[in-house]
*Asks:* 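First, the structure itself, so that you have it in front of you.
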Amino acid sequence: SEIEIEPAVLSRNPVVPEAVWERIEKLPSYSRPSRFFRNDVVRLYKFASLLELNEIEADALESAKTQMIGNLELQAGLIGEELEAKVQDLNEIVYQVQTYDMVNDSVFREILTAVTDSRDIEAAFKKAQRTLSDGTALWYWEYLCDQGIDPDEAKVRVAALAEFPQVTTSLESAAKNLIDLWNQSHNSAILNLPDARRAKFFDIKKQAKDPEPFTLIMPSEITTGEIENYRGLHLYANPKKTFPGKYSSWELEVIDYEVATMTLVGWYRNPTGGLNAIGVPYRDEGVDRTMYPDFVFAHEVAGELVFDIVDPHQPNQSDTIPKWVGLAQYAAKHGDLFRRIVAVIKEDNGLLSLDLKNPDAGKALSDASGEVGVRAVFQQFGGGY
């Protein structure tokens with residue numbers, strides 16, 4: 001973590017139109033993939049609890065429970081005879097008795113079976129509870145008991161079902177589908193919650209194995225330890241209505257160019273993480289990662305508010321190509337929300353930009369290799385900034 005000495009507190013800039021704040025909080029971002037992710041069944045129950053707590057869906061937890069039980073019933077039917085055979089195996093203990101005849105110097109072996117006792121049943125059920133996770137096994141056991149099945153027999157059936165790997169996979173998929181459905185149908189209600197409550201939904205997204213979409217939560221104040229490169233029209237500002245920052249010389253060229261235009265109504269230095277950062281997923285050497293484009297610029301053009309993402313980056317860095325390929329994929333999904341999504345490099349005669357909303361440019365980047373390849377793509381598809 002960065003340590004800031006005597007940080008400056010910056011508030012929302014009063015010269016930035018309110019419409020900019022309303023729109024920027026609707027721009028799509030993605031969570032950083034978690035190294036220690038929770039399974040989707042656990043995430044589903046937490047999500048359902050938050051929906052009930054915030055009075056968004058009254059019976060969300062019961063709906064999640066019903067969905068999981070229904071999925072287990074479906075899997076039990078699909079597995080069929082194999083499941084019955086597994087139940088039989090768990091109901092019996094097979095053991096061998098050996099008898100040694102000292103007179104004749106011989107061994108007699110006999111295979112016997114015995115009914116599994118309550119301690120073994122309980123041990124098998126506890127294992128199923130760990131496999132199916134977060135109360136699902138217990139709920140399914142209660143459901144089977146309600147169907148008139150003997151409690152011990154019901155525990156054996158749950159334990160047997162949990163031993164099939166496809167059951168866990170199916171549960172995870174069903175839980176993920178319901179989370180996605182609720183995210184879509186309740187998105188507006190979640191966005192209207194106070195920031196602290198919205199953040200709890202974001203915490204669930206951060207626990208996912210894969211990047212999860214969310215919209216920004218812009219705080220009323222931010223802090224910075226920078227005391228140089230003051231520029232105006234940033235979304236957050238000091239009492240003099242300026243924003244300090246640390247930039248490369250050609251990042252400053254980008255800022256100064258944008259600030260000098262007559263249409264700019266606000267700009268934002270995108271942070272590297274958090275609820276107020278636009279995160280873009282990408283893959284580098286088979287690993288899921290997240291990049292954070294440097295700048296967001298808001299312009300008013302012909303009475304319409306438009307947003308641009310601008311990402312200056314050194315073309316000789318090993319992560320340049322995968323980051324911009326990820327940004328091009330983001331543009332393919334969300335390009336309609338932006339006027340421009342551009343990558344920027346420095347040439348001897350000035351700045352060059354590459355339109356990542358152009359699918360041909362994104363394809364060329366994915367096929368490129370090294371700095372020479374990046375510059376060739378800019379020469380073919382790019383132009384002056």
Side-chain angles (χ1 to χ4, degrees), residues 7-31 54 56 183 186-203 205-206 212-224 226 229-245 247 251 254-280 292-311 330-331 333-342:
V9 178
L10 307 174
S11 303
R12 291 194 173 197
N13 193 340
V15 304
V16 175
E18 185 61 30
V20 174
W21 293 102
E22 293 175 359
R23 285 278 298 279
I24 199 169
E25 288 197 323
K26 295 179 181 178
L27 297 181
S29 181
Y30 288 84
S31 62
N54 290 282
I56 295 174
N183 266 319
H186 297 310
N187 184 59
S188 296
I190 293 171
L191 290 180
N192 289 330
L193 293 173
D195 290 352
R197 294 194 176 192
R198 283 176 62 194
K200 291 186 181 297
F201 283 94
F202 177 75
D203 287 341
K205 291 177 180 288
K206 289 193 299 184
E212 289 277 316
F214 71 96
T215 50
L216 305 187
I217 301 177
M218 303 295 285
S220 57
E221 293 180 337
I222 64 172
T223 61
T224 179
E226 304 298 337
N229 297 324
Y230 290 88
R231 296 296 187 275
L233 280 181
H234 192 274
L235 270 63
Y236 294 95
N238 57 25
K240 295 182 179 180
K241 298 182 177 60
T242 59
F243 177 82
Y247 310 99
E251 286 175 334
V254 169
I255 296 171
D256 290 342
Y257 175 88
E258 296 286 341
V259 171
T261 63
M262 299 298 294
T263 59
L264 187 75
V265 292
W267 66 281
Y268 184 51
R269 172 59 149 167
N270 193 38
T272 55
L275 300 175
N276 59 327
I278 293 180
V280 175
Y292 298 91
D294 285 335
F295 303 115
V296 179
F297 295 100
H299 291 264
E300 188 173 339
V301 180
E304 181 183 359
L305 184 62
V306 295
F307 283 84
D308 301 333
I309 286 179
V310 180
D311 188 53
Y330 176 91
K333 290 182 180 179
H334 308 293
D336 58 322
L337 301 176
F338 299 91
R339 180 181 63 166
R340 297 184 303 158
I341 298 179
V342 297

*Asks:* Taking all heavy atoms of Glu221 and all of Ser11, pick out the closest pair and write down the distance.
*Replies:* OE2-OG, 3.6 Å
*Asks:* Rounded to the nearest 0.5 Å, what separates atom CZ in Arg198 from atom CG in Asn192?
*Replies:* 8.5 Å
*Asks:* Which distance, rounded to the nearest 0.5 Å, do you find between the CG of Asp203 and the CG of Leu275?
*Replies:* 7.5 Å
*Asks:* Give the intermediate values and the outcome of side-chain contact (heavy atoms from CB on, under 4.5 Å) for residues Leu235 and Trp21.
*Replies:* CA-CA 8 Å; Leu235 270 63; Trp21 293 102; 3.6 Å; yes
*Asks:* Who pairs with Asn238 by side-chain contact (heavy atoms from CB on, under 4.5 Å), at least two apart in sequence or on another chain?
*Replies:* Leu10, Tyr230, Lys240, Thr242
*Asks:* Tell me the closest heavy-atom pair linking Pro28 and Leu337, and the distance in Å.
*Replies:* CD-CD1, 3.5 Å
*Asks:* Under the rule for side-chain hydrogen bond (donor to acceptor under 3.5 Å, both in side chains), what residues qualify as partners of His299, not counting sequence neighbours?
*Replies:* Glu258, Thr263
*Asks:* Where is the tightest heavy-atom contact between Leu216 and Ala277, given as atom of each residue plus distance?
*Replies:* CD2-O, 3.2 Å
*Asks:* Can you name the side-chain hydrogen bond (donor to acceptor under 3.5 Å, both in side chains) partners of Tyr30, sequence neighbours left out?
*Replies:* His334
*Asks:* Can you name the nearest heavy-atom pair linking Glu251 to Asp294, along with the distance?
*Replies:* OE2-OD2, 3.2 Å
*Asks:* Counting distance only, does the side-chain N/O of Ser29 pair as donor-acceptor with the main-chain N or O of Gly279 below 3.5 Å?
*Replies:* yes
*Asks:* Given side chains that start at C-beta, do those of Val254 and Trp267 come closer than 4.5 Å, heavy atoms only?
*Replies:* no
*Asks:* When rounded to the nearest 0.5 angstrom, what distance separates CZ in Phe201 from CG in Asn183?
*Replies:* 8.5 Å
*Asks:* Does Lys241 have any side-chain contact (heavy atoms from CB on, under 4.5 Å) partners at least two apart in sequence or in another chain, and if so, which?
*Replies:* Asn13, Pro14, Val15
*Asks:* Testing the basics here: between Ala189 and Ile56, what is the closest heavy-atom pair and its distance to 0.1 Å?
*Replies:* CB-CG2, 4.1 Å
*Asks:* Test of understanding: with side-chain contact (heavy atoms from CB on, under 4.5 Å), list the residues that count as partners of Arg197, not counting sequence neighbours.
*Replies:* Asn54, Leu193, Pro194
*Asks:* Show the numbers, then the answer: is there a side-chain contact (heavy atoms from CB on, under 4.5 Å) between Glu304 and Arg339?
*Replies:* CA-CA 11 Å; Glu304 181 183 359; Arg339 180 181 63 166; over 6 Å; no
*Asks:* Can you tell me how far apart CZ (Phe307) and CZ (Phe338) are? Round to the nearest 0.5 Å.
*Replies:* 8.5 Å
*Asks:* For Glu300, what residues pass the salt bridge (Lys or Arg N to Asp or Glu O under 4.0 Å) criterion, not counting sequence neighbours?
*Replies:* none
*Asks:* Can you label the angle between the Phe295 ring and the Tyr247 ring as parallel, tilted or perpendicular, going by 30° and 60°?
*Replies:* tilted
*Asks:* Where do Leu264 and Ala298 come nearest, in terms of heavy atoms and distance?
*Replies:* CD1-O, 3.3 Å
*Asks:* Between CG of Asp256 and OG1 of Thr261, what distance do you get to the nearest 0.5 Å?
*Replies:* 11.5 Å
*Asks:* Answer yes or no: is there a side-chain heavy-atom contact under 4.5 Å between Val342 and Asp308?
*Replies:* no
*Asks:* Would you compute the distance between atom OH of Tyr268 and atom CD1 of Ile309 and round it to the nearest 0.5 angstrom?
*Replies:* 12.0 Å
